[in-house]
Participant: 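Pasting a structure here, questions to come.
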Amino acid sequence: MSGPSAVQVTTPARSDAVGAGSEALVALDGLNKIYGQGEATVHALRNVSFRIDVGEFVAIMGPSGSGKSTCMNIIGCLDTPTSGTYRFAGVDVGSLGRNQRALLRRHYLGFVFQGYNLLDRTSALENVELPLLYRGISRSERQARAAAALEEVGLSGREQHTPSELSGGQQQRVAIARALVTEPMLLLADEPTGNVDTRTSEEIMNLLSTLNAERNITIAMVTHEEPMAAYARRLITFVDGEVVGDRRHGRAP
C-alpha cells in the first residue's frame, strides 16, 4: 500500500491536502526530549535526526531507557518533542494543534502494541471494526473491510471469536488487522512479539515482512530482540537518547 502524494489533517475527507509527495514519510531533525527540571532532568532524546521513506521496514533497537520508545511515541503523535522538527509526509507536526495531531493519528497511522489492546468481550470482527466506527463509516462497509483485513492476516473463520478464544499469536493478528483496516500510511509496531513464543514471533514477523514487501506498507518497529530486528531492512540503534547506529541489511529468510 502506498500513501497519497500529500497529507492533510484538517478533515476526514482528505479534501485539503498539504505537504509534498517528494518528502520523506517521516523526517526527524534535531529532536530533543527533556523531562523534569534541575537534578531530576532526564534527556530522553538528544539531537535525534533520521528519515523513513515510503516502503521502508525499519527496526528501532536499544536498551531500556535508551529513548527508542520516546522516539516512537513522538512519531506516533502520542508525545511532542522539547525541541527539533518532526515532519510527516512534508507536514510540520509541531505546527499542528492537538485536534489536528489526533486526526493525523486516526487517518494516517496504524498502531500494534505488545499487549494487543483488544476489547475482551468483543469479537475479532468488532475489534477490527472499531477504528472505522470512529470515522462514521456505515456498518456494512465496516464489516466488509474488517472481514477482508482478518482474511489478510490469516484469520478467516475466526471473525466471531472473542480474544479469550484466540491464542496470543491470533490476538496479535487481530491487532495487526485492526491497524491495517484504516489503510494507514505508516504502521508503528511496539514490541509486537513481546508476549508470544519464538515460533509465534516468527509467524508475526513473517506476516509483517509480507505486508511490507507485497503491499509496500511502511513499518517502524521497536524491539529489543535481534532475531526480530533481522526481519527489517534497516536497523536504527539508540543508546542514552542518541542514535548511535543506522544501517541497512538484507531481509531474513
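Note that the structure is predicted; figures quoted are calculated from it, not measured.
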Participant: Looking only at heavy atoms, what is the nearest atom pair of Asp120 and Thr162, with distance?
Facilitator: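 That would be O-CB, 3.7 Å.
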Participant: What is the distance from atom CD of Glu141 to atom CZ of Arg135, rounded to the nearest 0.5 Å?
Facilitator: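 That separation rounds to 10.0 Å.
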Participant: Fit a plane to each ring of Phe111 and Phe113, take the angle between them on a 0 to 90° scale, and name the class: parallel (under 30°), tilted (30 to 60°) or perpendicular (over 60°).
Facilitator: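 Plane angle under 30°, so parallel.
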Participant: Do the non-hydrogen side-chain atoms of Val222 and Cys71 ever get within less than 4.5 Å of each other?
Facilitator: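 They are not in side-chain contact.
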Participant: Same hydrophobic cluster for Leu78 and Val91, using side-chain heavy-atom links shorter than 4.5 Å among ILVMFWY?
Facilitator: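 Both belong to a single hydrophobic cluster.
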Participant: Tell me whether Ile236 is reachable from Val244 by hopping between hydrophobic residues (I, L, V, M, F, W, Y) whose side-chain heavy atoms are closer than 4.5 Å.
Facilitator: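 Hydrophobic grouping puts Val244 apart from Ile236.
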Participant: Output, in order, the C-alpha distance, side-chain angles, deciding distance and verdict of side-chain contact (heavy atoms from CB on, under 4.5 Å) for Leu211 and Glu152.
Facilitator: CA-CA 9 Å; Leu211 292 170; Glu152 185 167 18; 3.5 Å; yes
Participant: Looking at Val239, is its backbone amide N or carbonyl O close enough to the side chain of Glu242 to form a donor-acceptor pair, meaning the two atoms are under 3.5 Å apart?
Facilitator: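 Here the side-chain-to-backbone pair does not exist.
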Participant: Report the C-alpha separation of Arg87 and Val93 in whole Å, then their side-chain angles, then the decisive distance to 0.1 Å, and conclude whether the side-chain contact (heavy atoms from CB on, under 4.5 Å) test is met.
Facilitator: CA-CA 6 Å; Arg87 300 182 71 86; Val93 177; over 6 Å; no
Participant: Step through the shown structure and confirm whether more than 12 heavy atoms of other residues, nucleotides or ligands are within 6.0 Å of CG on Asn47.
Facilitator: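 More than 12 within 6.0 Å, yes.
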Participant: Which distance, rounded to the nearest 0.5 Å, do you find between the CD of Glu129 and the CG of Leu150?
Facilitator: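 It is 9.5 Å, given to the nearest 0.5 Å.
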Participant: Please round to the nearest 0.5 Å and tell me the distance separating atom CD1 of Ile204 and atom CG of Asn195.
Facilitator: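 CG of Asn195 is found 11.0 Å from CD1 of Ile204.
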Participant: Can you confirm whether Pro131 sits close enough to Arg178 that some side-chain heavy atom of one is under 4.5 Å from a side-chain heavy atom of the other?
Facilitator: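 Contact flag for Pro131/Arg178 side chains = yes.
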Participant: State whether the side chain of Arg101 and the backbone N or O of Cys77 hold a donor-acceptor pair below 3.5 Å, judged by distance alone.
Facilitator: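 No, Arg101 side chain to Cys77 backbone: no donor-acceptor pair under 3.5 Å.
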Participant: Hey, does Leu166 have a side-chain heavy atom less than 4.5 Å from the side chain of Val174?
Facilitator: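 Yes, side chains in contact.
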Participant: Taking side chain as C-beta onward, heavy atoms only, is Asp92 less than 4.5 Å from Tyr86?
Facilitator: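 No, every pair of side-chain atoms sits at 4.5 Å or beyond.
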Participant: Quick check: closest heavy atoms across Leu45 and Gly67, and the distance to 0.1 Å?
Facilitator: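 In this case the closest contact between Leu45 and Gly67 is CD2-O, 3.4 Å.
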Participant: For residues Thr182 and His107, determine if any side-chain heavy atom of one lies less than 4.5 Å from a side-chain heavy atom of the other.
Facilitator: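 When only atoms from C-beta onward are counted, His107 and Thr182 do not touch, as no gap falls below 4.5 Å.
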Participant: State, to 0.1 Å, how close Thr218 and Gly55 come at their nearest heavy-atom pair, and which atoms those are.
Facilitator: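 In this case the closest contact between Thr218 and Gly55 is OG1-N, 2.7 Å.
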Participant: Drop me the distance from Gln172's CD to Asn117's CG, to the nearest 0.5 angstrom.
Facilitator: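 Reported to 0.5 Å precision, the distance equals 9.0 Å.
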Participant: Compare all side-chain heavy atoms of Val54 with those of Asn216 and state whether any distance is below 4.5 angstrom.
Facilitator: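 Result yes, sub-4.5 Å side-chain heavy-atom pair found.
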Participant: About how many Å separate OG1 of Thr210 and OH of Tyr231, when rounded to the nearest 0.5 Å?
Facilitator: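 Going from the OH atom of Tyr231 to the OG1 atom of Thr210 covers 10.0 Å.
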Participant: Ignoring hydrogens and geometry, is there a side-chain-to-backbone donor-acceptor pair from Arg158 to His161 under 3.5 Å?
Facilitator: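 Side chain of Arg158 to backbone of His161, a donor-acceptor pair under 3.5 Å: no, none is there.
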Participant: Is it the case that Thr200 and Glu203 place a side-chain donor and acceptor less than 3.5 Å from each other?
Facilitator: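 Thr200 vs Glu203: no donor-acceptor pair found between side chains.
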Participant: Quick one, Ser49 and Val243 - any side-chain contact, counting heavy atoms below 4.5 Å?
Facilitator: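 The answer is no; the side chains never approach within 4.5 Å.
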Participant: Using a cut-off of 6.0 Å, state whether more than 12 heavy atoms not belonging to Glu165 lie near its atom CD.
Facilitator: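 Yes - once you tally the heavy atoms of other residues, nucleotides and ligands closer than 6.0 Å, there are more than 12.
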Participant: Under the criterion side-chain contact (heavy atoms from CB on, under 4.5 Å), I'd like the reasoning laid out for Val58 against Leu235: C-alpha separation, chi angles, the key distance, then a yes or no.
Facilitator: CA-CA 6 Å; Val58 179; Leu235 174 62; over 6 Å; no
Participant: Examine distances only and state if a side-chain atom of Arg51 and a backbone atom of Val26 form a donor-acceptor pair shorter than 3.5 Å.
Facilitator: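 Absent.
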Participant: Check the side chains of Asn32 and Ser83 for a donor-acceptor pair under 3.5 angstrom, ignoring hydrogens and angles.
Facilitator: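 Yes, a side-chain donor-acceptor pair sits under 3.5 Å.
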Participant: For the side-chain hydrogen bond (donor to acceptor under 3.5 Å, both in side chains) test, which of Thr70, Asp79, Asn73 pairs with Lys33?
Facilitator: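 Answer to the side-chain hydrogen bond (donor to acceptor under 3.5 Å, both in side chains) test with Lys33 among Thr70, Asp79, Asn73: Asp79.
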Participant: Show your working on side-chain contact (heavy atoms from CB on, under 4.5 Å) between Arg248 and Arg233 and close with a plain yes or no.
Facilitator: CA-CA 6 Å; Arg248 300 179 187 276; Arg233 295 177 176 177; over 6 Å; no
Participant: Transitively linked via ILVMFWY side-chain contacts under 4.5 Å: Met61 with Leu28?
Facilitator: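 Different hydrophobic clusters.
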Participant: Between OG of Ser201 and CE of Met228, what distance do you get to the nearest 0.5 Å?
Facilitator: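 With rounding to 0.5 Å, OG (Ser201) is 5.0 Å from CE (Met228).
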Participant: Can you see which heavy atom on Ala24 is nearest to which on Ala27, and at what distance?
Facilitator: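 Nearest heavy atoms, Ala24 then Ala27: CB-CB, 4.4 Å.
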Participant: Of all heavy-atom pairs between Ala229 and Thr223, which one has the smallest distance, and what is that distance?
Facilitator: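 Result for this residue pair: CB-CG2, 3.9 Å.
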Participant: So among Gln114, Glu202, Met205, which one has a side chain to side chain contact (heavy atoms under 4.5 Å, CB included) with Thr193?
Facilitator: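 When side chain to side chain contact (heavy atoms under 4.5 Å, CB included) is applied between Thr193 and each of Gln114, Glu202, Met205, only Met205 qualifies.
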Participant: Could you pull out all residues at least two apart from Asp246 that satisfy salt bridge (charged side-chain N to carboxylate O under 4.0 Å, His left out)?
Facilitator: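 Arg234.
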Participant: Quick check: do Pro184 and Tyr108 have side-chain heavy atoms less than 4.5 Å from each other?
Facilitator: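 No, every pair of side-chain atoms sits at 4.5 Å or beyond.
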Participant: Give a yes or no on whether Leu132 and Leu130 share a hydrophobic cluster (residues Ile, Leu, Val, Met, Phe, Trp, Tyr; joining criterion: side-chain heavy atoms under 4.5 Å apart).
Facilitator: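 They do not share one cluster, since no chain of ILVMFWY contacts under 4.5 Å joins Leu132 to Leu130.
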Participant: What pair of heavy atoms forms the shortest contact from Asp190 to Ser69, and how long is it?
Facilitator: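 So the two residues come closest at OD1-OG, 4.4 Å.
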Participant: So does Ser123 get a backbone contact from the side chain of Glu126, meaning a donor-acceptor N/O pair under 3.5 Å?
Facilitator: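 Answer holds: yes.
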Participant: Could you state whether Ile34 and Met72 fall into the same hydrophobic cluster, counting links through intermediate Ile, Leu, Val, Met, Phe, Trp or Tyr residues with side-chain heavy atoms under 4.5 angstrom apart?
Facilitator: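 Shared cluster, no.
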